[in-house]
Asker: 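Take this structure, written in structure tokens, and hold onto it; I'll ask about it next.
The chain is numbered in sequence order, starting from 1.
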Amino acid sequence: MAFRRFGKSLLYGLPLGITFLDCVGYVARVDGTSMQPALNPVAEERDYVFLLRWGIHNSAVERGDIISLISPKDPSQKIIKRVVGMQGDVVSTLGYKHEIVRVPDGHCWVEGDHTGYSLDSNTFGPVALGLMSARAVAIVWPPERWRILKNELPRRRRPVQVAKANYYN
């Protein structure tokens with residue numbers, strides 16, 4: 001009887017769990033120092049964030065959001081960065097091959113908060129919007145760091161010119 005109940009729970013629970021992880025979101029560990037001080041402010045400790053997949057490929061992403069994306073350099077790796085510019089924006093770069101870049105349609109400009117310690121758009125250029133996989137909405141571990149992640153973009157990293165007709169913002 002207990003086995004039958006367990007089987008029934010598994011039969012209903014497994015598809016619901018997979019659907020939640022695939023469509024809504026999941027918790028992920030943040031490694032590295034590229035997003036300091038927003039994430040992993042202490043080098044020896046790791047933050048865990050809730051990554052929201054819901055609405056990632058429509059108007060839910062804005063400048064200042066922290067997103068998870070597939071690395072343009074290594075497709076087997078996921079990276080987490082802050083959106084600095086959306087398609088059509090003009091951004092000033094930090095060591096990229098051009099000092100000023102207009103973000104092409106279908107792309108965004110992402111950077112780590114810890115300037116100089118991040119492999120980001122200043123290394124690989126604008127990132128295709130299709131590489132975005134989720135938006136970080138909250139730090140869920142460790143308990144003393146629980147908080148909702150604010151949409152913040154430092155004044156020094158705001159776009160030089162914001163696109164007038166921006167489909168994703």
Asker: Is there a side-chain contact between Ile100 and Thr93 (heavy atoms, below 4.5 Å)?
Answerer: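 Counting from C-beta outward, Ile100 and Thr93 never come under 4.5 Å.
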Asker: Can a donor-acceptor pair be found, under 3.5 Å and without considering hydrogens, that links the side chain of Asp74 to the backbone of Ser71?
Answerer: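 Absent.
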Asker: Under a 4.5 Å cut-off applied to non-hydrogen side-chain atoms, are Asn151 and Arg63 in contact?
Answerer: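 Answer no - side chains too far apart.
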Asker: CH2/Trp146 to CH2/Trp141 distance, rounded to the nearest 0.5 angstrom?
Answerer: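 One gets 7.0 Å once the value is rounded to the nearest 0.5 Å.
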Asker: For a side chain to side chain contact (heavy atoms under 4.5 Å, CB included) check, start with the C-alpha distance between Gln77 and Ile70, then their side-chain angles and the critical distance, and finish with the verdict.
Answerer: CA-CA 6 Å; Gln77 182 182 20; Ile70 298 167; over 6 Å; no
Asker: Under the salt bridge (charged side-chain N to carboxylate O under 4.0 Å, His left out) test, which residues partner Arg158, sequence neighbours left out?
Answerer: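 For Arg158 there are no salt bridge (charged side-chain N to carboxylate O under 4.0 Å, His left out) partners, ignoring immediate neighbours.
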Asker: Side chains of Pro41 and Gln36, heavy atoms from C-beta outward: is any pair under 4.5 Å?
Answerer: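 Not touching, per the 4.5 Å side-chain cut-off.
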Asker: Between atom CG of Asp65 and atom NZ of Lys81, what is the distance when rounded to the nearest 0.5 Å?
Answerer: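 These two atoms lie 16.0 Å from each other.
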Asker: Under the 4.5 Å side-chain heavy-atom rule for ILVMFWY, direct or indirect, which residues accompany Ile148?
Answerer: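 When side chains under 4.5 Å apart are linked, Ile148 ends up in no cluster with other residues.
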Asker: Are Pro159 and Val90 close enough that some pair of their side-chain heavy atoms sits under 4.5 Å apart?
Answerer: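 They are not in side-chain contact.
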Asker: Under a 3.5 Å threshold, yes or no: a donor from one side chain and an acceptor from the other, between Glu111 and Asn122?
Answerer: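 The criterion, which ignores hydrogens and geometry beyond distance, is satisfied for Asn122 and Glu111.
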Asker: With a 4.5 Å limit on heavy-atom distance, are the side chains of Gln87 and Cys108 in contact?
Answerer: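 SC-SC contact between Gln87 and Cys108 ruled out.
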Asker: To the closest 0.5 Å, what do you measure between CG (Asp120) and CD1 (Ile80)?
Answerer: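 So the gap between those two atoms works out to 13.5 Å.
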Asker: Could you go through the side chain to side chain contact (heavy atoms under 4.5 Å, CB included) check for Ser133 and Lys78 one step at a time?
Answerer: CA-CA 9 Å; Ser133 58; Lys78 285 200 175 174; 3.8 Å; yes
Asker: Identify the residue among Ile139, Asp31, Thr33, Asp113 that makes a side chain to side chain contact (heavy atoms under 4.5 Å, CB included) with Leu39.
Answerer: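 The side chain to side chain contact (heavy atoms under 4.5 Å, CB included) with Leu39 is passed solely by Ile139 among Ile139, Asp31, Thr33, Asp113.
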Asker: Under 4.5 Å side-chain heavy-atom separation, chaining through any Ile, Leu, Val, Met, Phe, Trp or Tyr, what else clusters with Tyr117? Say none if it is isolated.
Answerer: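 Hydrophobic cluster check, Tyr117: no partners found.
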Asker: Is it possible for you to say whether Val42 and Val140 belong to one hydrophobic cluster, with membership spreading through side-chain heavy-atom contacts below 4.5 Å?
Answerer: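 They do not share one cluster, since no chain of ILVMFWY contacts under 4.5 Å joins Val42 to Val140.
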Asker: Would you compute the distance between atom CD1 of Ile79 and atom CD1 of Ile67 and round it to the nearest 0.5 angstrom?
Answerer: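 Result: 8.0 Å between the selected atoms.
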Asker: Going by side-chain contact (heavy atoms from CB on, under 4.5 Å), name the residues that satisfy it together with Glu144, two or more places apart in sequence or in a different chain.
Answerer: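 Residues passing side-chain contact (heavy atoms from CB on, under 4.5 Å) with Glu144: Glu45, Pro142.
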Asker: Determine whether Val30 and Val49 satisfy the following criterion, side chain to side chain contact (heavy atoms under 4.5 Å, CB included), listing intermediate values before the conclusion.
Answerer: CA-CA 7 Å; Val30 178; Val49 295; 3.9 Å; yes
Asker: Quick one: does any side-chain atom of Arg82 pair with a main-chain N or O of Glu152 as donor and acceptor, under 3.5 Å?
Answerer: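 The answer is yes, because a donor-acceptor pair under 3.5 Å joins these two groups.
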Asker: Would a distance-only check, ignoring hydrogens and angles, find a side-chain to backbone donor-acceptor pair under 3.5 Å from Asn40 to Asp47?
Answerer: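 At least one qualifying donor-acceptor pair exists.
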Asker: Say whether Leu119 and Val127 are linked into one hydrophobic cluster, either directly or through other cluster members, by side-chain heavy-atom distances under 4.5 angstrom.
Answerer: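 No, separate clusters.
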Asker: Any side-chain heavy atom of Val83 within less than 4.5 Å of one from Val61?
Answerer: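 A side-chain contact under 4.5 Å exists here.
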Asker: Hey, does Met35 have a side-chain heavy atom less than 4.5 Å from the side chain of His114?
Answerer: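 Sidechains of Met35 and His114: no contact.
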Asker: Minimum heavy-atom separation for Val160 to Ser92, with atom names?
Answerer: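 Residues Val160 and Ser92, closest heavy atoms: CG2-N, 3.8 Å.
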Asker: Do Arg53 side-chain atoms and Ala134 backbone N/O form a donor-acceptor pair below 3.5 Å?
Answerer: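 Here the side-chain-to-backbone pair does not exist.
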Asker: Tell me every residue that passes salt bridge (charged side-chain N to carboxylate O under 4.0 Å, His left out) with Arg147, counting only those two or more places apart in sequence or in another chain.
Answerer: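 Residues passing salt bridge (charged side-chain N to carboxylate O under 4.0 Å, His left out) with Arg147: none at all.
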Asker: Let me confirm one number: the OH-CZ distance from Tyr48 to Arg29, rounded to the nearest 0.5 Å.
Answerer: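 That separation rounds to 5.0 Å.
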Asker: Which other residues end up in the same hydrophobic cluster as Tyr96, if Ile, Leu, Val, Met, Phe, Trp and Tyr are linked when side-chain heavy atoms come under 4.5 Å apart?
Answerer: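 Its cluster partners, ordered by chain and number, are Val84, Val91, Val101, Val103, Trp109, Leu153.
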Asker: Please answer whether the main-chain N or O of Gly112 pairs with a side-chain N or O of Ser34 as donor and acceptor at a distance below 3.5 Å.
Answerer: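 Side chain of Ser34 to backbone of Gly112: no pair is present.
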